[in-house]
Amino acid sequence: MNQNPSKHTKVLIIGSGPAGYTAAVYAARAMLKPVMISGMEPGGQLTTTTDVENYPGFAKVIQGPWLMEEMRDQAKAVGTEMIEDHISSVNLKSKPFEAIAESGQKYTADSIIISTGAQARWLNIESEQKYRGFGVSACATCDGFFFKEKTVAVVGGGNAAVEEAIFLTKFASKVKLIHRRNSLRAEKMLQSKLMANKKIEIIWDSIVEEVIGDNEPKNVKGLKIKNVKTNKIEELKIDGLFIAIGHDPATQLFKDQLNMDKEGYLTTKPDSTETNIPGVFAAGDVKDKVFRQAVTAAGMGCMAALEAEKFLSQ
């Protein structure tokens with residue numbers, strides 16, 4: 001165990017990514033000397049996103065990992081202390097709040113900003129991971145634009161999958177929705193919109209067995225799909241694959257202490273990032289399952305820091 005005395009800060013930021021880094025920039029500029037514990041995946045989901053074309057301020061395509069490095073360096077430059085560690089438990093009932101890291105280090109804080117994000121669920125097949133970022137994506141709003149006049153497939157059967165399939169018809173010439181059951185879980189209104197769209201074909205009772213593609217340059221060429229009722233395997237020619245089987249917010253740590261919705265996303269007060277515990281704020285994908293964009297996460301990070309500053313000055 002780490003015998004270091006506990007480390008105190010006015011603002012403890014748990015998790016990095018656009019929300020955490022932006023919160024750090026604002027908190028540091030307010031002279032609050034924030035401490036950021038960057039977590040398992042510093043930079044969050046954007047570190048696995050290659051081309052970013054929708055972040056304001058950049059006319060040319062930028063890389064997700066580069067954007068996160070710039071944000072991190074900016075937060076550091078204005079006075080954020082960055083610590084590469086992972087928080088394993090928190091006590092939000094104590095004053096000051098307490099957080100214990102995997103290293104054994106104990107942190108105490110007058111306010112906490114949670115920006116632990118969410119992770120897309122993947123199919124977890126080797127070929128899917130191989131082409132992730134090279135034709136396999138978990139975000140149609142981020143990457144749909146790259147598939148103009150091409151054929152794409154979407155995996156899933158809930159609202160997200162149906163919305164992504166409909167959205168992709170703006171660009172793609174053909175969208176194949178692959179679902180492992182013979183009925184969709186999505187809302188009826190969305191389903192009828194989907195059925196009415198001539199560009200969409202639904203492939204029922206099927207799962208993706210393998211993503212097929214080239215190595216040099218890396219791109220997706222097709223899929224092997226298996227019918228779960230007949231076990232028949234067929235090949236589909238496609239140019240892109242979108243996985244839409246849901247996201248998991250990283251909120252396990254706050255169970256039984258903070259209010260969450262049924263999917264585990266933190267809930268905050270209207271027009272605020274404040275959770276049910278005053279002084280504890282949540283920003284980015286850890287509380288947002290609607291927009292899930294870098295720019296909205298950054299906006300919430302700014303809100304959280306400004307709200308923390310106001311809370312601390314009371």
Side-chain angles (χ1 to χ4, degrees), residues 16-18 39-55 61-69 117-158 160-161 163-165 167-168 171-180 200-203 205-228 231-250 285 292-294:
S16 41
M40 296 292 214
E41 212 178 73
Q45 292 181 81
L46 266 188
T47 52
T48 57
T49 309
T50 45
D51 294 356
V52 176
E53 287 194 4
N54 54 11
Y55 197 81
V61 183
I62 56 169
Q63 299 299 303
W66 173 84
L67 180 61
M68 289 304 90
E69 277 165 27
Q119 273 128 2
R121 285 188 210 135
W122 296 92
L123 303 172
N124 288 327
I125 51 177
E126 207 182 311
S127 51
E128 164 202 56
Q129 296 304 320
K130 179 181 172 182
Y131 292 104
R132 198 166 142 182
F134 297 93
V136 175
S137 167
C139 180
T141 38
C142 318
D143 299 326
F145 182 77
F146 303 117
F147 295 94
K148 282 184 175 160
E149 296 309 312
K150 292 190 167 160
T151 301
V152 296
V154 176
V155 178
E163 281 168 0
E164 299 229 322
F167 175 80
L168 285 164
F171 311 102
S173 50
K174 184 95 185 124
V175 177
K176 296 171 191 277
L177 181 66
I178 302 166
H179 186 44
R180 60 185 172 170
I200 299 172
E201 173 198 344
I202 304 175
I203 302 172
D205 300 313
S206 296
I207 56 171
V208 174
E209 287 272 286
E210 195 188 338
V211 181
I212 304 161
D214 291 337
N215 281 336
E216 289 294 326
K218 237 188 201 184
N219 61 13
V220 172
K221 282 288 187 59
L223 294 178
K224 273 187 188 163
I225 61 166
K226 180 167 108 174
N227 184 301
V228 292
N231 281 335
K232 205 180 117 204
I233 297 213
E234 67 168 308
E235 281 198 21
L236 297 181
K237 266 191 142 95
I238 58 149
D239 304 294
L241 174 65
F242 290 86
I243 314 294
I245 53 176
H247 283 73
D248 294 311
D285 285 17
R292 287 205 188 101
Q293 299 300 307

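Just so it is clear, the model here is predicted, and its values are computed rather than measured.
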Run Asn124 and Gln129 through side-chain contact (heavy atoms from CB on, under 4.5 Å) and show every step you take. CA-CA 7 Å; Asn124 288 327; Gln129 296 304 320; 4.1 Å; yes
Between Glu164 and Ala244, the two heavy atoms sitting closest are OE1-CB, 4.1 Å
Euclidean distance, Asp143 CG relative to Asp51 CG, rounded to 0.5 Å: 8.0 Å
Nearest 0.5 Å, what's the CD1-CD1 distance between Ile225 and Ile207? 10.0 Å
Which distance, rounded to the nearest 0.5 Å, do you find between the OH of Tyr55 and the CG of Leu67? 6.0 Å
Which pair of non-hydrogen atoms, one from Asp285 and one from Gln45, has the smallest distance, and what is that distance? OD2-NE2, 3.0 Å
For salt bridge (Lys or Arg N to Asp or Glu O under 4.0 Å), just list the numbers for Glu209 and Lys224, CA-CA rounded to whole Å, side-chain angles, deciding distance to a tenth of an Å, and then say yes or no. CA-CA 5 Å; Glu209 287 272 286; Lys224 273 187 188 163; over 6 Å; no
Is the side chain of Ser173 donor-acceptor paired with the backbone N or O of Lys150 at a distance under 3.5 Å, no angle test? yes
From Ile202 CD1 over to Lys176 NZ, what is the distance, rounded to the nearest 0.5 angstrom? 12.5 Å
So Ile178 and Leu223, do their side chains get closer than 4.5 Å, heavy atoms only? yes
With rounding to the nearest 0.5 angstrom, report the CZ to OG distance, Arg180 to Ser206. 12.5 Å
What pair of heavy atoms forms the shortest contact from Val155 to Ala161, and how long is it? O-CB, 4.3 Å
Taking atom CG of Asn54 and atom OG1 of Thr141, what is their separation to the nearest 0.5 Å? 7.5 Å
Less than 4.5 Å apart, any side-chain heavy atom of Trp122 and any of Val136? yes
4.5 Å side-chain heavy-atom contact, Tyr131 and Asn215: yes
Ring pair (Phe, Tyr, Trp, His ring centres under 6.0 Å) partners of Phe134, counting only residues at least two apart: none
Just so I know, are the side chains of Val220 and Ile212 near enough to count as touching, which here means a heavy-atom distance under 4.5 Å? no
Please lay out, stage by stage, how Val152 and Val175 fare under the test side-chain contact (heavy atoms from CB on, under 4.5 Å). CA-CA 5 Å; Val152 296; Val175 177; 3.9 Å; yes
Flag the pair Glu128 / Val208 as yes when at least one side-chain heavy-atom distance between them is below 4.5 Å, and no otherwise. no
So, does Lys218 use its side chain to make a donor-acceptor pair with the main chain of Lys130 at under 3.5 Å? yes
Closest non-hydrogen atoms of Val154 and Ala165, given as atom of the first, atom of the second and distance, are CG2-CA, 4.0 Å
Centroid separation Phe147 to Phe242 less than 6.0 Å: yes
Main-chain N/O of Ile245 paired to Arg121 side chain as donor or acceptor, under 3.5 Å: yes
Can you give me the closest heavy-atom contact between Asn231 and Val228, atom names plus distance? OD1-O, 4.2 Å
Provide the closest heavy-atom pair for Gly43 versus Ser16 in the form atom of the first, atom of the second, distance. N-OG, 3.0 Å
Less than 4.5 Å apart, side chain to side chain, heavy atoms only: is that true for Lys237 and Thr151? no
Does Thr47 reach the main-chain N or O of Pro65 with its side chain, forming a donor-acceptor pair under 3.5 Å? no
Would you indicate whether the side-chain heavy atoms of Arg292 and His247 approach each other to under 4.5 Å? yes
Validation row: Pro18, Met68 side chains within 4.5 angstrom (heavy atoms): yes
